[in-house]
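Remarks on the structure that follows.
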Amino acid sequence: MTGEGRVPLTPAACRSLVEAGHTVFVQKSAGIHSGYLDSAYQQAGAELVDDAQHLYGLAQLIVKVKQPLAQDLTLLRSDRILFSYLHLAADATLVQHLCDIGLSAIPFESVVDESGQLPLLTPMSQVAGRIATIRGASMLFRNRGGRGVLLGGIEGADAGRVVILGAGVAGSHALAVAVALGAKVDVLDLDEGKLRALQQQYPGITTHLSTPEIVETLCLEADLVIGAVLLAGRRAPVVLKQSVVKNMHAGSVIVDIAIDQGGCVEGIRTTSSEQLCYIEHGVIHSAVPNMPATVARTSSQALSSVILPYVQLLAGADLAAMAASESAPEQALYRAMAVHQGGVVDEVLQREIAF
Ligand SMILES: NC(=O)c1ccc[n+]([C@@H]2O[C@H](COP(=O)([O-])OP(=O)(O)OC[C@H]3O[C@@H](n4cnc5c(N)ncnc54)[C@H](O)[C@@H]3O)[C@@H](O)[C@H]2O)c1
């Protein structure tokens, strides 16, 4: 994917897999943008493979960061387990391809732990939330096409206004940066408990139960709107309508983190690390589906540490035996499976794409 530089497993993680008796193949230069040289993987006991074509031919378990692109799909085989971010609810074509290949696909973002959290999505949402505010703040500069607002107010001038749609992991991390900068922040969610907790942690912010009316009122006054909503496993709901965007301040900024699930701003188009944003109705739109790739080293370290225990379980695993396992992480992996032997096995996904 454009601008991608993350690697799902660091050399240290590979070493622990090798020590557990697994054979680990790593594509040459996979870690280079995260600062991990091929030699570090070799020292960890991994075997380097020239390209994806050879790699996918060798390994039973394919661990990737982002969903396979067209060139990867031709290389995948039916007897493989694919473990990566997949965001299938927003991509029925990819679902069809994976079904046609006949492999087993387990999306990172579908693994739910015993406390109901999404442990493999959380670190990337934390990173993306923080980047959203930093990027949004810089896009407000005049030379970037913004309305010339410094998010953190100074004496004698208004503080910038930030509206955050979604008080979950990404939203609360976007909030932490916005508060640190000194912005005036409104946070919206459907979950009163999350709003209450954030209000207690940051007494200076304002929280609201999300309704179309309050979204409109706040976004029309906003300098920066950050979209961070999620309905797990489903396409993102549209929270900010085009009719509102058209009337937002010229030079204001929208950063839609939820673009990986289809976006929560009506009609928003995917952007990339090369083309970070576009302007429509005078409003700057940014919707990069792999925001954490910008800080590849930080993101690779965080991702590797959360996925490693699951990779240890999946390496050499018998999926049928996992189904009957009493171990909570094994059950979590089995339940997260989206596609298996040519069919969609995740019921939420089945409904979303109406297969
Ligand atoms: N673009 C990227 O690079 C990137 C990286 C990481 C995560 N993400 C995405 O960011 C999004 C948020 O992830 P998260 O981990 O913070 O999820 P989360 O579950 O922690 O938080 C989502 C919040 O949205 C709220 N919500 C749902 N519908 C809403 C509505 N209609 N109005 C207001 N609030 C609503 C939920 O109550 C929840 O609190 C997801 O789509 C995730 O895939 C994107």
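The analysis underlying the following values was restricted to heavy atoms, covering all of them including side chains, and did not include hydrogens, waters or symmetry mates. As the structure lists them, so they are numbered: ligands from 1, and atoms in each ligand from 1.
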For ligand 1, which atoms, with element, lie under 4.0 Å from some heavy atom of N290?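 With N290 as reference, the close atoms of ligand 1 come out as 3 (O).
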Return yes if a side-chain donor-acceptor contact under 3.5 Å exists between Q199 and T207, otherwise no.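 Yes - a donor-acceptor pair under 3.5 Å links their side chains.
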Side-chain donor-acceptor pair under 3.5 Å between Q301 and Y36, yes or no?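 Judged by distance alone, the side chains do pair up.
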Check this for me, if you would: do E352 and R234 make a salt bridge, where the nitrogen-to-carboxylate-oxygen distance has to be below 4.0 angstrom?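 R234 and E352: salt-bridged.
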D318: which residues meet the salt bridge (charged side-chain N to carboxylate O under 4.0 Å, His left out) condition with it, sequence neighbours left out?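 Partners of D318 by the salt bridge (charged side-chain N to carboxylate O under 4.0 Å, His left out) criterion come out as none, since no residue qualifies.
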Run the contact test for H87 against ligand 1 with a 4.0 Å cut-off on heavy atoms, strictly below, and give the result.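 Distance cut 4.0 Å: H87 passes for ligand 1.
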Quick one: does L165 get a heavy atom under 4.0 Å from ligand 1?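 The answer is no, since L165 has no heavy atom less than 4.0 Å from ligand 1.
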Quick one: look at S210 and ligand 1, take heavy-atom pairs under 4.0 Å, and tell me if it's side chain, backbone, both or neither.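 Under 4.0 Å from ligand 1, S210 contributes side-chain atoms alone.
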With heavy atoms only and a cut-off of under 4.0 Å, state how P289 meets ligand 1: side chain, backbone, both or neither.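 Backbone only.
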Would Q261 count as being in polar contact with ligand 1, using the rule that some N or O on each side must be under 3.5 angstrom apart?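 Looking only at distances, the answer is no, because the N/O contact criterion of under 3.5 Å is not met.
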Considering both backbone and side-chain atoms of A258, is one of its nitrogen or oxygen atoms within less than 3.5 Å of a nitrogen or oxygen in ligand 1?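 By distance alone, the answer is no.
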F141: which residues meet the ring pair (Phe, Tyr, Trp, His ring centres under 6.0 Å) condition with it, sequence neighbours left out?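 In terms of ring pair (Phe, Tyr, Trp, His ring centres under 6.0 Å), with neighbours along the sequence ignored, F141 is linked to no residue.
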